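Order of the sequence lines sets the chain letters (A, B, ...), proteins ahead of strands, with each chain counted from 1. Treat the numbers as computed from the prediction; the structure is a model and nothing was measured.
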Amino acid sequence: MQSNAALEYDYSVAKLFTYTTILFGFLGMLIGTLIAAQLAFPELNYLLGEYGTFSRLRPMHTNIVIFGFTLSGIWATFYYVGQRVLKVSMAESKFLMFMGKFHFWLYFVGALLAVITLELGMTQGKEYAVFEWPIDIVIVIIWVSWGISIFGLIGIRREKTLYISLWYYIACFLGIAMLYLFNNMSVPTYFATENLGSFMHSVSMYSGTNDALVQWWYGHNAVAFGFTVPIVAMVYYFLPKESGQAIYSYKLSLLSFWGLMFVYLWAGSHHLIWSTVPDWMQTMGSVFSVVLILPSWGSAINMLLTMKGEWNQLTDNPLIKFMVLASTFYMLSTLEGPIQAIKSVNAIAHFTDWIPGHVHDGVLGWVVFMIMAALFHMAPRMFKREIYSKSLMEKQFWLQTTAVVLYFTSMWIAGITQGMMWRAVDEYGNLMYSFIDTVAVLHPYYVIRALAGVMYLVGFIMFAYNMVKTMTASKELAQEPQFRSPMA
Amino acid sequence: MNSLVIKALAFAAVLIIGTLVAVKSMNVNMDDTINQLTLLGAVAIAVLAFGVSAKYINQMKTDTATGELVDHNWDGIGEYKNELPSGWAYAFLGTLIWTVWYWLVGYPVNAYSQIGEYNQEVLEYNKKFEEKHKNADAATLKAMGESIFLVQCAPCHGETGDGLSGKAQDFTKRMSKEQVLNVITNGSDQLKYPMGAMPGGMASGADAEAIAAYVAGGMKGEQPAAFGVCAGCHGMDGKGNGGTAPNIAEYDETLVTAVLTHGKKGVIGAMPSFKGRLTPVQEKALASYISTIK
Amino acid sequence: MFHWLEKNPFFFAVGVFVVIAFAGLIEILPNFAEASRPVTGLKPYSVLELAGKEVYKKDNCIACHSQLIRPFKSETDRYGQVSLSGEYAYDRPFLWGSKRTGPDLHRVGNYRTTDWHENHMWDPKSVVPQSIMPAYKHMFTNLADIETAYAEASTVKAVFNTPYGPEIDGTKAGWEKYKPTVLEEAKKIAADMKNKDVKDAVARGEVPEIVAMIAYLNRLK
Ligand code: HEM
Ligand code: HEM
Ligand SMILES: [Ca+2]
Ligand SMILES: [Ca+2]
Ligand SMILES: [Cu+2]
């Protein structure tokens with residue numbers, strides 16, 4: 001194997017995004033834990049006046065974890081992985097260095113604006129696409145800057161063949177660009193009139209059922225190209241790199257990638273089953289969801305098979321544990337989702353807590369685990385110090401794993417119970433339960449979920465602490481480690 | 001089977017049993033096919049996701065990496081030229097076959113309509129329950145009424161029917177003094193009784209006070225002389241003269257049906273109309289339940 | 001062939017884009033003309049109702065409430081008639097929601113009333129003791145942005161031909177002339193309410209958020 005010692009990669013942008021990943025991860029999960037607790041103990045709605053209700057905080061949670069934490073993680077890893085698999089340093093191009101920094105700082109300002117306007121209640125009211133049009137414009141510029149970085153780096157590459165991770169980063173870039181633009185088309189009312197009312201307000205270009213279609217074509221695929229595709233990019237680089245194992249099968253990588261690209265987009269209407277969109281379109285969402293199991297599992301299986309025979313690495317290296325468990329949670333959520341997309345199952349699952357359950361085995365078990373593992377792996381290489389504490393990492397792993405299991409099992413049972421109670425009829429053919437009965441029954445599950453939130457959050461704080469210590473106080477390294485990350 | 005897979009399946013079993021216990025304890029209808037398919041789906045998720053991943057993780061213990069490497073690597077990462085895992089390939093094929101089945105048989109594109117299915121469902125329900133409860137006895141009606149009440153009416157009238165401290169009608173008694181006074185003063189024209197509207201200003205001052213106290217007190221004790229005005233329409237006993245005017249002594253079916261049909265706005269607030277949302281049997285059941293609330 | 005793509009980033013990106021883009025066309029386009037047609041008799045939202053819809057969005061009721069009654073008997077018994085596509089023709093954005101922590105609200109105007117909402121939004125536990133819905137007391141003092149609502153009505157009229165009358169014209173003068181109509185509508189709601197501050201505010205010519213909110217909720221039928 002050839003050595004990369006000759007090349008000094010420049011990690012300044014990757015580092016900046018690493019800091020925001022940690023910051024937004026903490027904030028987003030803090031709020032997640034708070035809203036989880038609010039459903040169990042509604043008195044907690046009144047800590048911050050009108051700004052602290054569950055309904056106001058919920059989009060803060062989703063947007064900070066998605067557009068703050070996850071995006072930062074994607075970019076931190078991209079600015080790290082991109083250079084290495086293309087064998088070019090950002091330092092080689094002043095322009096790319098500038099673009100990278102511009103990308104980061106515009107993102108940071110945009111994120112602040114987004115948080116402020118959202119908390120003030122300026123929203124377009126579409127889930128995962130809440131920002132009003134001026135913020136949208138900033139987001140588009142941020143996205144374009146990333147595009148310039150990707151293709152700029154590719155343009156000056158020394159490695160001719162794109163590594164698998166890059167396929168996925170490119171798909172993430174293109175997919176979100178297309179989806180975001182179309183879903184956010186809207187007319188600012190201030191300019192459509194004689195400057196009446198709020199400058200920020202706009203109305204959607206689409207109405208009713210059409211709006212729903214565009215929204216979930218976007219929403220589903222924002223998950224696909226935000227929570228799946230770039231995270232797969234990470235696992236394809238960091239797992240083999242940390243373990244020193246070669247990818248199990250190129251063919252499987254190839255089929256999984258193109259299969260995923262082809263099938264994902266068709267499945268969006270599984271969010272609209274039993275709604276007013278035409279029956280055939282709902283059916284299409286269902287069937288493509290089920291087909292989607294295999295391209296999704298393909299990547300996970302490829303990763304698990306990459307670790308064939310490496311049991312000792314699994315038991316000995318908590319970083320490997322994170323990535324292996326992430327792959328299995330990826331398998332869980334990409335099987336659970338398709339099954340929830342089957343019409344008969346969706347009749348129960350839709351609108352219930354089983355959906356947030358599904359969401360969080362994806363995001364907590366897969367997205368967050370993978371991003372944390374990636375940052376842990378990058379830290380010794382970026383900061384030239386060994387990881388501060390292995391035992392802390394080990395404890396964090398078990399704490400957070402327990403938390404995810406508690407989260408998804410409680411919401412699984414809660415959701416199925418509630419869905420069935422909504423349908424239940426008594427011996428006279430009348431509804432058996434009033435709505436509030438079906439709320440009251442959830443209390444114990446909400447308590448368990450809140451507890452899981454606290455555990456997961458504590459785990460994340462352990463991660464943040466470990467990272468900060470690694471950056472500042474850990475033993476310095478003379479040489480970059482090739483595979484396994486050194487840890488104390 | 002190896003221990004890891006067994007552990008994974010045991011975990012799946014615990015989750016499924018937990019789910020079953022939870023839903024069973026809520027008495028939901030287990031003969032509902034939607035419920036059955038959902039549970040089947042849940043079993044499939046748990047067993048397959050945990051079982052299959054445990055199988056692959058176990059290979060880390062038992063197997064070794066083999067194969068021919070491609071003659072290239074990226075930042076030190078190599079790739080094997082291994083074939084597709086056959087289980088994966090066959091499963092892919094399987095889902096494609098399922099897809100064809102779903103399009104053509106499960107929810108056939110050219111023949112399935114969700115509204116059609118819904119109409120069918122409602123038709124079957126109605127046939128089953130209307131037939132069964134056409135001549136329901138008093139006890140059945142009351143029990144049925146209570147169950148409807150808790151779902152449809154309790155959010156306003158409270159679970160016990162006490163009107164939640166004056167936020168809606170209090171069914172533990174017929175009317176409050178304030179309500180009666182209001183009608184005496186302003187009249188009433190919402191319930192569409194055969195008698196038509198009741199004009200306002202039929203009594204005033206002390207007379208009105210006395211009548212209102214008497215009616216609100218449940219029409220017990222000595223009847224004030226002024227009540228004669230009212231008796232003309234509502235009857236000496238206040239029971240509404242055989243349904244031509246409202247029964248102001250107690251709740252009866254005519255009154256409840258009238259209120260449910262037309263809604264009502266009074267001193268307390270507004271009561272929405274439930275027209276078209278309840279069947280005649282359900283209205284009768286509600287009336288019979290309300291008249292027993294103490 | 002794929003190895004070739006992996007060495008040619010431009011064609012690789014074009015390939016990915018084509019593969020992901022065309023599903024979108026098939027999924028979205030065929031329904032466009034069909035689904036935007038209003039059911040007969042559907043009226044556009046009044047300006048006050050639009051202001052209420054804005055409050056609904058701002059306080060994000062959609063976090064807990066759906067507006068979509070699915071075709072199951074258990075849902076139509078609980079919430080009323082199945083939702084139809086044409087009923088949403090003036091909903092920009094659509095507000096179907098994706099989680100029912102609270103009940104569906106698509107037809108809540110049929111079975112709840114102004115005074116009930118007043119009690120419930122002030123303190124949900126006062127009417128539903130086990131409720132976990134937050135109280136929205138601030139809506140009783142914050143003022144609704146009726147000017148922006150007027151701007152929205154004007155915009156959808158001008159851009160999407162939503163059938164408003166000539167009085168909705170998007171001009172400053174038009175708004176000054178129209179404002180009393182909104183206040184009239186607000187007065188009707190306030191008349192059924194008990195909160196003194198709200199009544200006083202409306203008498204002064206102001207529209208507290210709760211009034212607009214209730215106008216919107218009552219409209220959901
Ligand atoms: C094969 C892949 C997947 C399929 C077919 C799928 C399917 C589904 C379905 C059917 C729903 C529920 C729609 C409803 O009834 O409300 C859903 C919701 C959701 N899923 Fe997945 N899922 C998949 C993978 C994932 C993964 C890996 C993640 C995250 C890491 C994820 C995140 C979400 C989110 C955030 C929602 C909630 C959307 C909302 O707000 O309603 N999904 N998914
Ligand atoms: C400490 C960890 C976390 C806790 C306790 C938590 C809690 C919650 C709660 C209570 C909800 C609202 C569910 C409802 O409305 O019923 C929610 C929604 C959501 N969370 Fe989290 N969360 C956590 C971490 C995360 C992370 C890290 C992500 C993403 C990376 C995430 C993504 C989401 C999404 C997408 C939704 C919306 C789901 C939907 O609409 O169906 N959460 N979370
Ligand atoms: Ca937007
Ligand atoms: Ca949602
Ligand atoms: Cu989806």
Side-chain angles (χ1 to χ4, degrees), chain A residues 1 4 84-85 159 161 163 240-241 245-252 255 274 279-280 283 286-287 290-291 293-294 297-298 301 304-305 307-311 314 324 328 331-332 335-336 339 342-345 347-348 409 412-413 416-417 420-421 423-426 428-431 434 441 482, chain B residues 15 18-19 22-23 26-29 32 34-35 37-38 41-42 44-45 48-49 52-53 56-57 59-61 63-65 69-70 72-85 88 91-92 95-96 98-99 102-103 107 109 112-114 125 128-129 133 144 147-148 150-151 154:
Chain A
M1 276 178 204
N4 299 304
R84 301 186 64 113
V85 297
E159 170 60 68
T161 320
Y163 180 61
K241 184 71 189 175
Q245 294 305 110
I247 302 283
Y248 171 74
S249 162
Y250 166 74
K251 232 185 204 173
L252 188 52
L255 243 75
W274 303 112
D279 294 320
W280 67 268
T283 303
S286 287
V287 297
V290 172
V291 175
I293 299 172
L294 276 304
W297 277 34
I301 290 174
L304 294 181
L305 287 175
M307 295 305 294
K308 237 167 42 166
E310 300 299 311
W311 183 257
L314 179 71
V324 166
T328 62
M331 288 173 73
L332 172 60
L335 178 62
E336 186 177 40
I339 297 229
I342 295 171
K343 277 192 153 191
S344 315
V345 180
I348 297 270
T409 51
W412 165 307
I413 298 180
I416 295 178
T417 306
M420 292 190 178
M421 283 173 79
R423 296 177 63 84
V425 290
D426 61 18
Y428 311 112
N430 299 315
L431 295 172
S434 66
V441 73
Q482 171 71 325
Chain B
L15 179 54
T19 311
V23 297
M26 298 323 294
N27 286 321
V28 303
N29 320 52
D32 180 343
I34 296 279
N35 288 353
L37 285 169
T38 299
I45 299 168
L48 286 174
V52 174
S53 50
Y56 284 114
I57 292 175
Q59 270 174 272
M60 295 175 197
K61 232 191 248 177
D63 212 342
T64 45
L69 281 170
V70 300
H72 197 84
N73 73 64
W74 292 263
D75 196 20
I77 300 172
E79 280 176 5
Y80 285 115
K81 291 185 188 163
N82 287 330
E83 275 306 313
L84 301 175
W88 182 83
F92 207 159
T95 58
L96 290 172
W98 178 86
T99 292
Y102 200 87
W103 275 108
Y107 294 89
V109 225
Y112 175 79
S113 143
Q114 64 178 28
Y125 251 90
K128 188 161 151 207
F129 288 102
H133 296 297
M144 186 194 293
S147 100
I148 304 167
L150 288 176
V151 174

Heavy-atom proximity to chain A below 4.5 Å, by part of B:Ala42: both
Test item: A:Ser344 and B:Tyr107 side chains (from C-beta on) under 4.5 Å apart, heavy atoms: yes
B:Asn82 side chain vs A:Tyr248 backbone, donor-acceptor pair below 3.5 Å: yes
Minimum heavy-atom distance between B:Thr19 and A:Ile416, given as atom pair plus value: CG2-CD1, 3.8 Å
Leading residue by heavy atom contact count with chain B [cutoff under 4.5 Å; candidates A:Leu314, A:Thr283, A:Val324]: A:Thr283
Chain B interface, residue from A:Leu255, A:Leu304, A:Ile293 that has the most non-hydrogen pairs under 4.5 Å: A:Leu304
B:Tyr80 portion near chain A, given a 4.5 angstrom heavy-atom threshold: both
A:Asn430 side chain reached by B:Val151 side chain, heavy atoms, under 4.5 Å: no
Region of B:Ile57 that comes under 4.5 Å of a non-hydrogen atom in chain A: both
Side-chain (B:Trp74) to main-chain (A:Thr161) donor-acceptor, under 3.5 angstrom: yes
Engaged part of B:Tyr112 at the chain A interface, taking heavy atoms whose separation is under 4.5 Å: both
Where A:Met421 and B:Val28 come nearest, the two heavy atoms and their spacing: N-CG1, 4.0 Å
Heavy-atom pair of closest approach, residues A:Ile339 and B:Gly41: CG2-CA, 3.6 Å
A:Lys241 side chain near B:Asp75 side chain, heavy-atom distance below 4.5 Å: yes
Close side-chain approach of B:Tyr102 to A:Val290, heavy-atom, < 4.5 Å: no
Heavy-atom closest contact (B:Asn73 atom, A:Glu159 atom, distance): O-OE1, 3.9 Å
